[in-house]
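Okay, so here's the structure we're looking at.
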Amino acid sequence: MKVLPTIAPPPSGKTNINIYLDADTNITDWYSNILIPAFEKEFTVYKVNLINVKGVGNGTGTFVDRLVAAKQTGADGQAEIVEFDVRGRPETVKDGLWLKLDASNVPNAKGVLPAAVVSEYNMPYRGSQVLLAYDSAKIKESDVPRTFPALLEWVKKNPGQFTYGRPDKGGSGGNFVIRAIHEVTGKDPQKFYASVDPDPALVKDLDKAWELLRSIHESTYDKGSYPAGNQPALLLLANGSVNMVSAWSDQVLINIDKGVLPPTIKMAQFTDLPMSGGYAQYAVPAGTKNKEGALAWVNWMLKQDRQVDVIKSLGGFPALKWDQFPKELQTQFNSVVADTIPTWPGGKWDAERNKGWYEKVATNIKQ
Amino acid sequence: MNQRLLKSTFRTLRRESFGVFALIALVLLIIGPLTTVVMWAFAERWRQPSLIPTQWGLSYWTETLGRADVVSALPASVLLATIVTVLSALICLPAAYAFARIQFPARQGLLLSFLAVNAFPRFGLYIAIAVVFFRLGLVGTVTGVVLIQLVNTLLTMIWIPTSAFQGVDRALEEAALDVGASRLRVFFQITLPQVAPALAAALLLTFVATFYEAQGALLIGLPNIRTMAVLMYSYINNQIVVQYGAVISMILWIPSLLLLSFAQKFLRGNTVSAGFGV
Amino acid sequence: MLAPRPSSQWRTWLAGYALIAPPLALLALLIFFPAGQAIVRTVMLDQDAGITSGLTLDRYLNFFNDPIARSNLSFTITVTLITVFFQFAVCFPLALYLRFSTSRIAGAVQVLALFPLFVPGVILAFALIRYLGPRGTVDTFLRVVLNYEGFVTPYLRPSGIVFALTRDHIPFTILVLTAGLRQVEDSVIEAARDVGATSLRAFVQIIMPLMQRPLLIVFCLNIIGTFGAFTIPYLLGPAAPQMMGVYMQQTFSEYLDRSGAETQAVISFVLCALVGALYVRTVTRRRGERA
């Protein structure tokens, strides 16, 4: 059965680094065309094998299931690096599936932005934030809402012109819903980090967020037809079905660049408390065969050049603290990158958010 | 005589008026949405609500065909689907014959049990299967992917042929046996022609379903084996640049259309008892 | 066939079991084993609560007490029944036509009807969003050319799921129905066709009994396929209510509730098995008449 052409084994003397992503083509192109050739030139003993598992099943989440299976049998999981936020599967952390990543094995980790760190088993390497994207040809800049209550008012006054994605289908909708949650819980994102398991009293408070979101349910696009993902939401903006959506900043930029969105699309952020953002996180399986290769890659990605490239090539945020960059770069990109992006603990809180939203906001059942 | 001719012409026209109607409806229904895919494949830029791309070009074709993973995945996918379809036919067709023609206890229950393949959701099962496959060292191997895709074909490859074998006119078979034909000859000249269209349908469905199966291939095959289906999903699902996906989809139509024109002969089928010259 | 003597009956049984053994073994290892584990988990008491053994039906009671779950289940059943109805309404006349006609038009119709087979759900969904979605091809065409503004898109509505799943199942339905029709003798078809032009009842009485098996198999497999559909309802359907396929995936990976998802899976499976039993009974029924 060896007749099938498979991905060629690494040339003699080289070891594979299998990297699994759940990413858009702009990210995979960045890896294939820029990162991997540069890395392989610098580290000649490694051969990087990029695998994008987006769109099949649950993306890298499905692949993590396979890693769990591999661990159960003690077999090689055939993965060195997985782009995966381990908070989404807390039991994998408990079971010791992942390698601890810190300055002891990833020296450049000491420069990493503390706000970007979500777990000691993850290493952030690029970030982005969610904001409002609107069509400036249809909405005057002065009319763009700058606070959450102002947005709710705007949506009610302009029925059918705003939408956000379903919170479990992509961060653009997910972080919008989180912003509603922050709104009703005293605008204090830190509250949600108090304990590992969601605090029942705080969970109860989410009901107030569902009330807020339910109050605009009928006024969103097509009376509460929430698109199933980041890109489907942007497509409604692109074809003029709506004039405002919540969206990832980097995806808006790429969509304008690729001609999907018209150049009249502009972005705005709430001034009182921005919508949260997120950082793409690397995780390294503890049982990986090529630990050195995995760590070498993660460390290399946190070098200054690569992090500047995150801004320049991707329109994203670097994961390093600003003092790690030269002065002129700091001033150049200061306007693009916010100092602090609110974050959200994810994991079981995601489950609470998604379940609550589906049951109390999107539901067809009268409350 | 004249009247009969008139009548049959009228009938043909009536029939074909349905055909013409069906053709138009199908073009709108089937071809309509697909023109979108075709236009995207040749679009450099397409900003809605424009009806056609705002800028045409071939750059995504050259880029897609230049991707190493695409180039190696296409033959891998065709070969995998062929192996799975052949193996599936080898193990399932005899079983289908047995279900249709041989009486044995628990036959109904066993036939029903194949339903579990399609009616029980996979995501839970695949993890358990992965555990078994890791033990057997089958993860990342061709054998592993073949096995997991093979199990997905069981329902189609058993249920449809079982129904066909059961529908065979046994009076013809027994008549042939009575005049001294051997069992083998009866099978090949009487039974097989009757079930051929159904078998062709089952084979075609199996091949295509395997060709586009992605989740099993992903979970068991990666990182060594990458199929077109896995690539296609990652290039189109929730993507900003959909052109790669559109191009891949169109590339996949070429083997599909070849297969379809080949299968057409069998699907249109010969009629009952053709070739039986007693 | 003679009435089998006991020893030859054993041999017949053995032959039967030998022939079905290979696929059955594969099924047992890769499906029954893990599915059995999943089913057992749905009736076990929660292990996290410190209790290691004991049976409970709580998860099933919870499912049927949950208004969201009930609404999703009844939505799935409704969508499935409507979709299967449309699948038949579109495909049965087409299959009959393909069986009767040998013209070139029929050839073209067949190729067209089978083509969706090669367009997987994700491409179909992507194409339909651009074709039938808001400001899509059809909408824009109606606006610009006919100056008609009232187009209601099926995107993110139940009708979107019904439309896409109907279209998705056309090739399968046509394939199996025409294959079944080809097993009907020409002379019978001729006779049926002659009366069929004048009397629907005669047609129904002649053709329908002969079509029973293929109709049933298509009915069963379409119900199962539609009931468990994932990609199309995920991308084209409304946020609520949801089809069971989407709901299960969500419960499993978004609500982190594995046993809840498995309970939903078992309930769906039992419903599908009830439909499947219909087919199995028909196919394995001993034929009454012998030549």
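In this structure, the side chain of C:Tyr17 does not engage the main chain of B:Phe104 through any donor-acceptor pair within 3.5 Å. With hydrogens and angles ignored, the 3.5 Å screen pairs no side-chain donor or acceptor of B:Tyr233 with any backbone N or O of C:Val122. Using modelled atom types, no side-chain atom of C:Arg213 and backbone atom of B:Ala164 make a donor-acceptor pair closer than 3.5 Å. In this structure a side-chain-to-backbone donor-acceptor pair under 3.5 Å is missing from C:Arg182 to B:Gln194.
With a 4.5 angstrom heavy-atom cutoff, B:Leu199 does not touch chain C via any of its atoms. For C:Phe227, no part lies under 4.5 angstrom from a heavy atom of chain B. Using a 4.5 Å cut-off between heavy atoms, B:Leu155 contacts chain C through its side chain alone, with no backbone atom that close. For a residue to count as touching a neighbouring chain, one of its non-hydrogen atoms must lie under 4.5 Å from one of that chain's; by this rule C:Leu132 does not touch chain B. In this structure, chain B has a heavy atom under 4.5 Å from the side chain of C:Leu221, while its backbone stays farther away.
Scanning all heavy atoms of the two residues, the minimum distance from C:Phe33 to B:Val132 falls at CE2-CG2, 4.2 Å. Across all their heavy atoms, B:Ile160 and C:Phe172 have their closest contact at CD1-CE1, 3.9 Å. Here the closest non-hydrogen pair linking B:Ala119 and C:Cys272 is CB-CB, 3.7 Å.
Looking at C:Arg281 and B:Gln108, their side chains never bring a donor and an acceptor atom within 3.5 Å of each other.
Ring planes of B:Trp40 and C:Phe126: tilted class, angle from 30 to 60°.
Residue with the most contacts toward chain C among B:Leu112, B:Ile102, B:Leu147: B:Leu112 (heavy-atom pairs, distance under 4.5 Å).
How far CG of C:Leu114 is from CG of B:Leu260: 5.5 Å, rounded to the nearest 0.5 Å.
Under the 4.5 Å side-chain criterion, counting only non-hydrogen atoms from C-beta, C:Pro34 is not in contact with B:Tyr126.
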